[in-house]
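To keep things clear, I will list the structure first and then write my remarks on it.
Residues: numbered from 1 along the sequence shown.
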Amino acid sequence: MSTKLFLFRNSYINIQYAFITMDLKSNEPFWLIKNGLLNSYPSLQDDLSCDVLVVGGGITGALIAHQCINDGKKCILIDKREIVNGSSAATTSMLQYEIDVPLYRLKELIGEEAAIASYRACGEAIVKLGEIAKKIRSKAGFRTKKSLYYAARKKDISWLMQEFEARQTAGFDVKWLTEQDIKDRYAIHGAYAGILSALGASIDAFCFTHELLAYNVRKGLLIFDKTALDSVLYKSGHNLVTTSTGAKIKAKKIIYCTGYETTNLIPEKFVDLLSTFAIVSEVDKDNYDRYRDLLIWNTAEPYLYMRTTDDHRFLIGGEDEEFKDPIKRDSLISAKSIKLEKSFNKIFTDRAFHADFAWAGTFGTTKDGLPYIGKHEKFKNSYFVCGFGGNGITFSVAAMDMASCWMNNLSHPLDEWFRFGR
């Protein structure tokens, strides 16, 4: 467990963090091997000042830093690892407007307005991410795709129809597919019915994050890796950060983009951590061509998810279970890979899967499937962007506008629904 020491000095609060580094992925995620070391950054050795300090060098931190630079802020980004070497190296990068909690259920949990707004925010995020990828001339393979969500059990058909009707009523472009429709179109077996959504996409998040950071470095962003945040001294109008290298950063505001390691910072429990597993096939152009424009996931518990990659491979993931520790998680990779391959063979009875890469990662689930984005009472002049669940990337894109409003002392429509303590 992490330790937190709260020291009160005069009118200031000094919070010191003794982090235990959480291994958010196994040693060989496909994207890291595929891309290699794209960019390298120095550690911080000199004292600096900025308008905004972004803590975390994954895709979330990159997107928030991009927004800061767009807003004309002087921005510094730090990460205690190599840049993009946490969970962003392990994500399967399926970009969906669909949240882990179905829309019809989310409406019951938080109300119709909030539920639909949350779904729409994820849909808008897919479009915005595509625009950013185009603007920076990304080579990370952003591709729009349809998304098939199918019933893995006959008993799921009734509530899946409820979900279809909820999405249709909310204005989403969806079609209902029967078991035969799915067999005829996609040669998928064991799918008893499904919702085909027009809006979805995929990307190589590892490559894209490196590209986005490099783009903003040219515009003035300062990046330092192997530089952990050790302590924060809250003063009037700014925070004084001491880093693991001994250098200090005077920042008007701090935005924490530390993903699942935020659980080491915030004392209350607000997310459950899970381990997920994925395998990628050898290059297989036949599989790629048929499914390159489709994201696939199902209603199994835990659910399976599938997509192709931009280099003609097929990816299948799932077999989630409660996260205990990285060693325990990684010891399961071999057995989980065998199960995932068997699942593929049951679904695609006329195709073979030849596994080439296997890895594991850590992700989180919340009580309503929504992220935690906003201020926390224990952290002055600070903001958190925690895009948990299967929509971590799209939630992070939505957080760009939210963070921009916060930096300019404005409110945002999503503030109430994504806040801590909700």
Side-chain angles (χ1 to χ4, degrees), residues 2-19 44 48-58 60-69 71 73-80 86 221-224 227-244 247-271 371-388 395-396 398-412 414-416 418-422:
S2 63
T3 60
K4 307 176 185 68
L5 179 62
F6 295 82
L7 302 177
F8 295 87
R9 296 180 179 174
N10 299 324
S11 59
Y12 310 141
I13 301 176
N14 182 19
I15 302 181
Q16 298 181 336
Y17 308 111
F19 280 109
L44 179 61
L48 294 173
S49 64
C50 61
D51 296 319
V52 184
L53 172 64
V54 175
V55 182
T60 302
L63 288 165
I64 297 302
H66 180 69
Q67 184 65 54
C68 291
I69 296 296
D71 287 351
K73 306 294 184 183
K74 184 179 179 182
C75 183
I76 296 173
L77 182 148
I78 62 173
D79 195 297
K80 65 183 177 183
L221 174 66
L222 297 178
I223 300 177
F224 301 96
T227 302
L229 182 153
D230 269 2
S231 67
V232 179
L233 181 64
Y234 295 133
K235 295 193 174 185
S236 178
H238 71 274
N239 298 337
L240 186 62
V241 172
T242 301
T243 68
S244 58
K248 297 183 185 300
I249 303 172
K250 181 180 178 181
K252 293 178 182 177
K253 296 182 184 295
I254 300 174
I255 303 182
Y256 292 93
C257 303
T258 46
Y260 311 115
E261 288 187 316
T262 307
T263 57
N264 291 332
L265 282 172
I266 294 177
E268 67 266 21
K269 181 177 173 60
F270 60 99
V271 63
Y372 283 90
I373 300 172
K375 294 180 283 187
H376 191 283
E377 61 181 4
K378 294 187 182 297
F379 298 81
K380 294 182 180 179
N381 306 317
S382 301
Y383 197 79
F384 287 85
V385 180
C386 305
F388 296 125
F395 284 144
S396 296
M400 294 171 69
D401 286 338
M402 297 176 69
S404 181
C405 286
W406 171 70
M407 288 184 288
N408 291 288
N409 299 312
L410 300 172
S411 60
H412 190 280
L414 295 173
D415 288 343
E416 177 64 21
F418 292 177
R419 66 179 175 84
F420 288 92
R422 62 177 182 262

*Sequence neighbours left out, what passes side chain to side chain contact (heavy atoms under 4.5 Å, CB included) with D71? Give chain and number order.*
Q67, K73, S404, M407, N408

*Heavy atoms only: give me the nearest C257-V54 pair and the separation to one decimal.*
SG-CG1, 4.0 Å

*What's the spacing between L53 CG and C75 SG if we round to 0.5 Å?*
7.5 Å

_Rounded distance (nearest 0.5 Å) linking atom CG of L240 with atom NZ of K250_ = 8.5 Å

_Contact summary for G387 and F395, nearest pair of heavy atoms_ = CA-CB, 4.0 Å

*Taking the side chain as every heavy atom from C-beta outward, state whether H412 and F418 have any atom pair closer than 4.5 Å.*
no

*Atom of K380, atom of Y234 and distance for their closest heavy-atom approach*: O-CE2, 3.4 Å

_Test side-chain contact (heavy atoms from CB on, under 4.5 Å) on M402 and D415; report intermediate values, then the result._
CA-CA 7 Å; M402 297 176 69; D415 288 343; 3.6 Å; yes

*Can D51 and K252 be counted as an ion pair, charged N to O under 4.0 angstrom?*
yes

*Apply side chain to side chain contact (heavy atoms under 4.5 Å, CB included) to E377 and list each qualifying residue two or more places apart in sequence or on a separate chain.*
none

*Out of F379, Y256, F384, which residue meets the ring-ring contact (aromatic ring centres under 6.0 Å, His included) rule with F420?*
F384

*Distance from N239 atom CG to L229 atom CG, nearest 0.5 Å?*
9.5 Å

*asked:* Taking the cut-offs as 6.0 angstrom to the six-membered ring centre and 45 degrees off its axis, would you call R422 and Y372 a cation-pi pair?
replied: yes

*Heavy atoms, side chains only, cut-off 4.5 Å: are C386 and V271 in contact?*
no

*Which heavy-atom pair separates I255 from I64 by the least distance, and what is that distance?*
CD1-CG2, 3.7 Å

*side-chain contact (heavy atoms from CB on, under 4.5 Å) between I249 and I78: does it pass, once the steps are laid out?*
CA-CA 10 Å; I249 303 172; I78 62 173; 4.1 Å; yes

*Looking only at non-hydrogen atoms, find the nearest pair between V52 and C68 and report the distance.*
CG1-SG, 3.8 Å

*Taking C-beta and beyond as the side chain, do S244 and K80 meet within less than 4.5 Å on heavy atoms?*
no

*Is there side-chain contact between K375 and W406, with at least one heavy-atom pair below 4.5 Å?*
yes

_What's the separation between atom CG in L48 and atom CD1 in I76, rounded to the nearest 0.5 Å?_
4.5 Å

*Where D79 and G58 come nearest, the two heavy atoms and their spacing*: OD2-N, 4.3 Å

*Side-chain contact test, heavy atoms from C-beta onward, threshold under 4.5 Å: evaluate it for V241 versus I254 and give yes or no.*
yes

*Under the side-chain hydrogen bond (donor to acceptor under 3.5 Å, both in side chains) test, which residues partner T227, sequence neighbours left out?*
none

*When rounded to the nearest 0.5 angstrom, what is the spacing between SG in C50 and CG in L221?*
10.0 Å

